[in-house]
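Protein chains get the first letters and strands the later ones, always in sequence-line order, with residue 1 at the start of each.
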Amino acid sequence: MSSSDMSRDMSTTGMGAGSDVSGEPRSNWPLFEVFLRSKRGLNHVHVGSLHAADATMALHHARDLYTRRNEGVSIWVVKAADITASSPDEKDPFFAPSGDKVYRHPTFYEIPQSVPHI
Amino acid sequence: MTGPGAESGPGPQVGPWPETGARPLQEGIGPVQPGLGALTSGTGVAADAGGLEQHFEETIARDRRIEPRDWMPDAYRKTMIRQIAQHAHSEIIGMQPEGNWVTRAPSLRRKAILLAKVQDEAGHGLYLYSAVETLGADRADLTDRLITGRQKYSSIFNYPTLTFADVGVIGWLVDGAAICNQVPLCRSSYGPYARAMIRICKEESFHQRQGYELLMTMMRGTSAQREMVQDATNRWWWPSLMMFGPPDGQSPNTEQSMRWRIKRHTNDDLRQRFVDMTVPQAEALGVTLPDPELRWNAERDHYDFGEIDWSEFKRVIGGNGPCNAQRIAARRAAHEGGAWVREAAAAHAAKVAARAEAAA
């Protein structure tokens, strides 16, 4: 792991409430986000995160942590630092462009009741 | 079927159209939060704090979840970090009392069950550490706070497990009380915590049932075994009632936590619910709960029960329970003894990554 990876990891895992206290060494295992496909035919869904030294270990840990009762048939892990996320605020104008495009919804179009199968 | 906006988005009936045009995209990208990862909660934006606070309050009022990168008041963040961290620590320390019996379980069946249960407790701790990290807490720092005694865990785990019947009684009473506490937390206002609780509650049900079944088996055994069950019940009953925390009059955080919908019921409400659920289970099992004042009150439609010894609760929480020092020493030894493994794995990962880079 390069030193730039380390600093990214620190920024992802947080500016903890007391990251300044104690001289103890910090875990230098990066944070991975875990996605599970619960069964064939369904999408992978985010289930949580874990720390691991590398991606292979992250997969093994994810199996032990998130699929102890056959909750998954496939696992993805990705370094949290590699994810780019949109701003969370639901009023965020980021999503505004789709707000007024009502013609994208089927109910926008009026079709007479007498027309079948549409 | 209508479009995806059924709940909050615009349906065809809402909003002026086509007069209002889409706003330009570049205007809309949210504020950048330097120094914070994409999935970790930010500190919010200082500008327009009033509006942010109002949005937070409205989200709570509409019973929606607060998600990691949403703006939230500092006190809410601090309360959530403290509560989730204490909960995580409790799961991790909670492995010890039962782990004590893994090597001495009376059959392979019981040993396999107990191993699975202790492994679940580890898993619950990790789900919760994962949730608390979304608030900006650091996992290594939390462990450090636990082993240096600066953060607490549930006082129940400071009692010893003297016989194998304790394993059953912990499943029945301790996990039963935990379920009572945790089921309402599945609707807690902080999304990652609520989702972790849903996962945990599903697994706790196995814990409680295996404990009760273990006790039923012992009650069908010899009189010595029945005495063991009664003795374990006597020792764990009152500490289990203390798990719900101080009485409402002495729980200063409850009101704010309920306003923020972190908690949904008061300590005393949950305690009463637990007593009401447990009395018939004790009768079915054939044990006596060690409280002479325990009786049905038809007027209240609840069981009355005796006064809890809160001085004992304070003593154990304050670090002077029978096993406090032992629990922390074991956690510290595991953490420090594992340091070389964590370092070796990190060194190996760095070597493999460097090799792959050189080959590319």
TODO: Keeping the roles fixed (side chain from B/Tyr127, backbone from A/Leu65), state whether a donor-acceptor pair exists under 3.5 Å.
DONE: yes

- [ ] Report yes if the side chains of A/Tyr66 and B/Ser130 come closer than 4.5 Å at any heavy-atom pair, otherwise no.
- [x] yes

Task: Shortest non-hydrogen contact between B/Ala345 and A/Ala53, atoms and distance - done: O-CB, 3.4 Å

Task: Heavy atoms of other groups near A/Asn43 CG, more than 12 under 6.0 Å - done: no

Task: Portion of B/Phe206 that has a non-hydrogen atom of chain A nearer than 4.5 angstrom - done: side chain

Open item on the list: At a 4.5 Å cut-off on heavy atoms, which part of B/Gln119 comes close to chain A: side chain, backbone, both, or neither?
Closed with: both

TODO: Identify the heavy atoms of A/Arg68 and B/Gly123 that sit nearest to each other, and give their distance.
DONE: NH1-CA, 3.8 Å

Open item on the list: I'd like to check A/Ser86 versus B/Arg69 (side-chain heavy atoms, cut-off strictly below 4.5 Å). Are they in contact?
Closed with: no

Open item on the list: Just so I understand: if I count every heavy-atom pair under 4.5 Å between each of B/Glu203, B/His348, B/Arg195, B/Lys202 and chain A, which residue has the most?
Closed with: B/Glu203

Open item on the list: Could you tell me if the side chain of A/Leu50 sits less than 4.5 Å from the side chain of B/Tyr129, heavy atoms only?
Closed with: no

- [ ] Check whether A/Arg69 gets within reach of chain B through its side chain, its backbone, both or neither, counting any heavy atom under 4.5 Å.
- [x] side chain

